[in-house]
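Notes follow once the structure below has been shown.
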Amino acid sequence: MDLERIKQVGIAAACNGGKVLQEHYGNLRSVQRKGAIDLVTEADLRSEAVIIETIAKTFPDHTILAEESGTKKGDNNQWIIDPLDGTTNFTHNLPLFCVSIAFTLNDEILAGFVLAPLLDELFVGIKDQGAQLNGEPITVSGTRELTDSLLVTGFPYDHPTIFNELIARFGKCLSASQGVRRLGSAALDLCYVANGRFDGFWEQNLNPWDTAAGFLVAKEAGARITVFSGAPYSIDDNEIVGTNGAIHDELLNLLEI
Ligand code: IPD
Ligand code: CA
Ligand code: CA
């Protein structure tokens with residue numbers, strides 16, 4: 001597998017999606033509902049279309065798994081696409097959102113691309129080659145204790161189904177840390193663990209397009225990433241815990257309810 005070629009195409013696809021998001025930002029014509037609070041806009045749909053088009057030009061046989069259009073079955077090379085992670089922020093003109101694209105071979109994540117177009121930040125992780133923000137190497141924080149940690153989490157759209165456990169975990173982490181943030185983009189949450197802005201992140205009920213790219217960026221930056229039981233994370237898992245490593249066991253203990 002030519003990871004250099006994957007990197008070029010992944011970055012080009014993320015940039016093309018990012019341009020579309022920039023065009024629509026502050027300028028939306030329609031916001032539809034996929035669920036009670038789960039939104040989709042013309043920006044999500046157009047971003048996804050240009051990302052897929054960019055990838056398919058070079059790799060017409062690869063499989064596509066995209067949030068809005070689903071699966072287009074191809075070979076065992078796969079692109080996992082979230083064309084706009086942080087749609088709710090986007091619809092409220094809050095610039096914390098991104099394009100998130102991962103590349104997998106036989107379900108192993110080999111590359112991750114996360115672009116926050118309004119913040120002008122591109123995170124890239126390539127398996128065994130490290131992680132970068134705008135071309136500069138990044139690493140996780142050196143924070144040793146949970147009491148000194150800034151954490152981040154998210155609340156899934158179906159939060160009523162897990163409300164009590166969600167709030168119980170949130171409360172325990174809030175009491176034990178320096179603070180807990182909720183930014184609204186799981187992909188950025190993971191990238192911000194990667195470059196040390198946050199010391200740890202956890203969330204439940206996610207999809208592969210929310211986590212796959214950020215997972216590799218964070219992992220390549222030195223993060224430890226598991227599910228709540230401590231078992232390694234894989235793209236089939238719908239929950240994730242990512243930390244700088246040092247606070248991981250302490251955070252896992254807190255998440256036990
Ligand atoms: C959502 C964001 C949010 C997380 C939700 C996701 P979307 O993705 O990542 O931070 O809390 O669970 O569904 O819908 O904005 O692509
Ligand atoms: Ca998402
Ligand atoms: Ca999305």
Side-chain angles (χ1 to χ4, degrees), residues 13-14 17-18 20-21 24-25 28 30-52 64-71 79-102 112-119 123 151-163 165-167 169-170 173 180-194 197-198 200-218 225 227-228 233 235 237-242 255:
V20 168
L21 299 185
H24 286 277
Y25 185 67
L28 278 177
S30 77
V31 179
Q32 314 283 329
R33 283 172 198 275
K34 294 193 276 186
I37 55 167
D38 189 357
L39 310 176
V40 60
T41 72
E42 72 261 28
D44 300 67
L45 302 174
R46 275 199 60 221
S47 170
E48 184 162 304
V50 302
I51 291 167
I52 294 174
I64 300 284
L65 170 60
E67 180 179 7
E68 310 302 342
S69 55
T71 302
W79 295 83
I80 303 179
I81 301 161
D82 189 333
L84 168 46
D85 188 51
T87 297
T88 307
N89 287 351
F90 188 89
T91 62
H92 288 266
N93 298 330
L94 186 62
L96 284 168
F97 58 83
C98 62
V99 171
S100 172
I101 302 173
F113 310 94
V114 176
L115 173 69
L118 273 262
L119 308 178
F123 293 88
L151 305 175
V152 65
T153 188
F155 305 131
Y157 297 119
D158 60 353
H159 60 69
T161 61
I162 50 166
F163 198 75
E165 53 181 289
L166 202 75
I167 296 304
R169 289 186 167 121
F170 188 83
C173 292
V180 183
R181 301 289 180 261
R182 193 282 191 246
L183 295 191
S185 161
L188 287 181
D189 294 337
L190 282 162
C191 289
Y192 291 179
V193 170
R197 288 175 182 157
F198 293 126
F201 165 64
W202 82 95
E203 190 169 347
Q204 296 167 258
N205 294 12
L206 290 168
N207 289 293
W209 46 81
D210 300 310
T211 46
F215 161 82
L216 199 73
V217 173
I225 307 180
V227 294
F228 286 29
Y233 159 90
I235 50 172
D237 292 308
N238 71 352
E239 60 181 36
I240 193 163
V241 185
L255 295 175

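Quantities reported herein were computed from a predicted structural model and do not represent experimental measurements. Order of appearance sets the numbers: ligands from 1, and atoms from 1 within every ligand.
Between Ala212 and Ile235, the closest heavy-atom pair is CB-CG2, 4.0 Å.
The closest donor-acceptor contact from the side chain of Thr153 to the backbone of Trp202 lies under 3.5 Å. Judged by distance alone, the side chain of Arg169 and the main-chain N or O of Leu255 form a donor-acceptor pair under 3.5 Å. A donor-acceptor pair under 3.5 Å is absent between the side-chain atoms of Tyr25 and the main chain of Phe90, judged by distance alone. In this structure, the side chain of Glu42 does not engage the main chain of Leu28 through any donor-acceptor pair within 3.5 Å. Between the Glu48 side chain and the Ser69 main chain, a donor and an acceptor come within less than 3.5 Å of each other.
Between Phe198 and the choices Leu183, Leu190, Val180, the side chain to side chain contact (heavy atoms under 4.5 Å, CB included) rule is met once, by Leu183.
With 3.5 Å as the limit, one finds no donor-acceptor pair spanning the side chains of Ser185 and Asn89.
Below 4.0 Å from some heavy atom of Glu67 lie the following atoms of ligand 1, by number and element: 16 (O). Counting atoms of ligand 1 from 1 in the listed order, those under 4.0 Å from a heavy atom of Ala186 are 2 (C), 9 (O), 10 (O). Close contacts of ligand 1 with Phe155, meaning ligand atoms under 4.0 Å from a residue heavy atom, involve 11 (O). Listed by atom number, the atoms of ligand 1 under 4.0 Å from Glu203 heavy atoms are 4 (C), 5 (C), 11 (O), 12 (O). Remark: ligand 1 atoms within the under-4.0 Å shell around heavy atoms of Asp82 are 16 (O). Close approach of ligand 1 to Ser185 is summarised as follows: ligand atoms under 4.0 Å from at least one heavy atom of the residue are 9 (O), 10 (O). The Pro156 neighbourhood of ligand 1 comprises atoms 12 (O), with distances under 4.0 Å to a heavy atom of that residue. Per-residue contacts place Leu206 under 4.0 angstrom from the following atoms of ligand 1 (heavy atoms of the residue considered): 12 (O).
Not a single N or O atom of Asp38, backbone or side chain, sits closer than 3.5 Å to an N or O atom of ligand 1.
Between Gln204 and Ile162 there is a side-chain heavy-atom pair separated by less than 4.5 Å. The shortest distance between side-chain heavy atoms of Asp85 and Leu188 does not fall below 4.5 Å. Using a 4.5 Å heavy-atom cutoff, the side chains of Glu67 and Lys34 are in contact.
Considering only non-hydrogen protein atoms, atom 9 (O) of ligand 1 sits nearest to Asp85 OD1, 2.7 Å. Of all protein heavy atoms, the one lying nearest to atom 7 (P) of ligand 1 is Tyr157 OH, 3.5 Å.
Classified by interplanar angle (parallel below 30°, tilted 30° to 60°, perpendicular above 60°), the ring pair Phe215/Tyr233 is tilted.
Comparing Leu96, Asp210, Thr153 against atom 6 (C) of ligand 1, the shortest heavy-atom distance belongs to Asp210. Evaluated by nearest non-hydrogen atom to atom 3 (C) of ligand 1, the leading choice among Gly86, Cys98, Gly184 is Gly184.
None of the N, O or S atoms belonging to Glu67 lies under 3.0 Å away from the Ca ion (ligand 2). Between the Ca ion (ligand 3) and Leu84 there is an N/O/S contact shorter than 3.0 Å. In summary, no N, O or S atom of Asp85 is located under 3.0 Å from the Ca ion (ligand 3).
At a heavy-atom cutoff of 4.0 Å, ligand 1 is contacted by the side chain of Arg182 but not by its backbone. Contact annotation for Leu84 and ligand 1: only backbone heavy atoms (N, CA, C, O) come within less than 4.0 Å of the ligand. Residue-level proximity to ligand 1 for Trp209 is absent, since no heavy atom of it falls below 4.0 angstrom.
Vertex the Ca ion (ligand 2), arms ending at OD1 of Asp210 and OD2 of Asp82: the angle is 110° after rounding to 10 degrees.
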